[in-house]
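Notes for the one structure printed next.
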Amino acid sequence: MKDLMMSKSVLHVDETYSQIIHRSDGKSGQSNAYNWVYRSLPSQGPTMILFQSSLS
């Protein structure tokens, strides 16, 4: 799905990060979580929305 979305000529993308205070895996809470939202335009076919997250 991501490959198909990245082949579009225009995308709306938002990158947001936040600090993790209490991690469930017991590791230090001094890390960031990054979240991306990708959205294709309706004029380029069916609208697709993709969410992606990553810990730093």
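Keep in mind that this is a model prediction, so the values were computed, not measured.
Using a 4.5 Å heavy-atom cutoff, the side chains of Lys2 and Tyr38 are in contact. Two residues are said to be in side-chain contact when any heavy atoms from C-beta on lie closer than 4.5 Å; His12 and Val37 fail this criterion. Trp36 is not listed as a side-chain neighbour of Ser53, based on a closest heavy-atom distance of 4.5 Å or more. A heavy-atom distance below 4.5 Å is not found between the side chains of Met48 and Arg39.
With hydrogens and angles left out, the side-chain atoms of Glu15 and Tyr34 include no donor and acceptor closer than 3.5 Å. For the residue pair Asn35 / Thr16, no side-chain donor-acceptor distance below 3.5 Å is found, with atom types taken as modelled.
Remark: Ser7 engages no residue in a side chain to side chain donor-acceptor pair (under 3.5 Å) (not counting sequence neighbours). For Gln44, the side chain to side chain donor-acceptor pair (under 3.5 Å) partners at least two apart in sequence or on another chain are Ser9.
Pairing each heavy atom of Val10 with each of Leu41, the nearest pair is CG1-CD1, 3.4 Å. In plain terms, the two heavy atoms of Ile49 and Met1 that are nearest each other are O-CE, 3.7 Å.
From Lys8, atom NZ reaches atom OG of Ser40 across 6.0 Å, with rounding to the nearest 0.5 Å.
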**Asked** Given Asn32 and Ser18, is the side-chain contact (heavy atoms from CB on, under 4.5 Å) satisfied, shown in steps?
**Response** CA-CA 6 Å; Asn32 291 326; Ser18 58; over 6 Å; no
